[in-house]
Amino acid sequence: MPRFYGVEIRSRMMLGTAQYPSPAILAEAFRASGAGIATVSLRRESGGGRAGSDFWTLIRELGVRVLPNTAGCHSVKEAVTTAHMAREVFGTTWIKLEVIGHTDTLQPDPFALVEAARILAADGFEVFPYTTEDLVVAGKLLDAGCEVLMPWGAPIGSGLGLVNPYGLRALRERFPDVPLVVDAGIGLPSHAAAAMEMGYDAILLNTAVAKAGDPAAMARAFALAVEAGAAGRAADPMEPRDMAAASTPEIGRAFLE
Ligand SMILES: CC(=O)[C@@H](O)[C@H](O)COP(=O)(O)O
């Protein structure tokens, strides 16, 4: 199972807490997924107030670890301020760092991301940066003090899956010892299985479960896919080849030409 900042997590699946039809359905989906980490937006869930305390009761009952995020931040200052508030509200040094640089794709701003990561890591945060599959940015995030990387599969909420498998594979190969999580854009269980088969440590998803017709059933499907993909990876898959190779022996055929 993956380890993030020295903490072993019980599942390779991380789930977001937004957009569910109701808190009860959110809870069902979490239980069906077996997820060990819940991402929470500071903007949605304040620590006080009625909505906040209900939400906390739910999270406590689920027994998941909370990963606050800086969703919706567009600058270093905004992200750093939000992270500080999240540390106060949620009582954790973990922060999923999002610094959005492009409105249509919600693509991270790599320059601001690296700068914010450096500031937060120096201030004692354990940063989970939402990034692209860019190798250079990945290296700079590690230099900045990040011990986990979260490359996107596709734009947040798109459900497009792993749109750049070459880039994701290259990232896995270049950083074999860094915990890597595919975050965002996953739409189907097969996308999750593919990420596991590539050797990713975990996936983070939200929309594909929350917006499914039956979120709990979809969460279960994702859990099965993650388990299957990780098991396939661990079983040392065959090398693909261009040419056919008969899998049935010739011996025993009635006629040999
Ligand atoms: C939950 C969270 O942190 C999101 O910002 C995350 O990126 C999920 O993306 P999807 O909704 O595309 O799964």
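Reckoned from all heavy atoms, side chains included, excluding hydrogens, waters and symmetry mates. Atoms within a ligand are numbered from 1 in the order they appear, just like the ligands themselves.
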- Message: Using a 3.5 Å distance criterion without hydrogens, assess whether the side chain of His102 forms a donor-acceptor pair with backbone atoms of Ile100.
- Response: no
- Message: Applying a heavy-atom cut-off of 4.0 Å, say which part of Thr39 lies close to ligand 1: side chain, backbone, both or neither.
- Response: side chain
- Enumerated ligand 1 atoms positioned under 4.0 Å from heavy atoms of Asn69: 3 (O)
- Taking only residues at least two apart or on different chains, which pairs with a member in residues 107-146 satisfy ring pair (Phe, Tyr, Trp, His ring centres under 6.0 Å)? Phe4-Phe128, Tyr5-Phe128, His84-Phe125, Trp94-Phe128
- Query: Within a strict 4.5 Å, meaning less than it, do heavy atoms of the Arg60 and Leu58 side chains meet?
  - Reply: no
- Query: Between Thr207 and ligand 1, which part of the residue brings a heavy atom under 4.0 Å of the ligand: side chain, backbone, both or neither?
  - Reply: both
- Message: Show me the pairs that pass salt bridge (charged side-chain N to carboxylate O under 4.0 Å, His left out) and involve residues 185-207, at least two apart or across chains.
- Response: Arg172-Asp201
- Item | Ligand-side contact atoms (ligand 1) for residue partner Leu205, heavy atom cut-off under 4.0 Å | 13 (O)
- Message: If the test is side-chain contact (heavy atoms from CB on, under 4.5 Å), which one of Leu97, Thr17, Thr39, Thr82 qualifies with Asn69?
- Response: Thr39
- Query: Of all the atoms in ligand 1, which lie at a distance below 4.0 Å from a heavy atom belonging to Gly16?
  - Reply: 1 (C)
- Item | Heteroatom distance test (Ser158, ligand 1): nitrogen or oxygen, under 3.5 angstrom | no
- Message: With heavy-atom distances below 4.0 Å as the criterion, list the atoms of ligand 1 near Lys96.
- Response: 2 (C), 3 (O), 4 (C), 5 (O), 6 (C), 7 (O)
- Query: Does any donor atom in the side chain of Glu126 or Thr93 lie under 3.5 Å from an acceptor atom in the other side chain?
  - Reply: yes
- Specify the closest pair of heavy atoms between Val148 and Val181, including all atoms of both residues, with the distance to one decimal. CG1-CG2, 4.3 Å
- Against heavy atoms of Glu98, which atoms of ligand 1 measure under 4.0 Å? 3 (O), 5 (O)
- 4.0 Å heavy-atom contact, Gly185 with ligand 1: yes
- Message: Pairing donors with acceptors under 3.5 angstrom, does anything connect the side chains of Gln107 and Thr132?
- Response: no
- Is Gly157 in contact with ligand 1, taking contact as a heavy-atom separation below 4.0 Å? yes
- Query: Should we count CZ of Arg87 as having more than 12 external heavy atoms under 6.0 Å?
  - Reply: yes
- Proximity of Asn206 to ligand 1 by residue part, where a heavy atom lies under 4.0 Å: both
- Note on the structure: Under 4.0 Å from one or more heavy atoms of Asp183, ligand 1 contributes atoms 6 (C), 7 (O), 8 (C)
- Does Gln19 have a heavy atom less than 4.0 Å from any atom of ligand 1? no
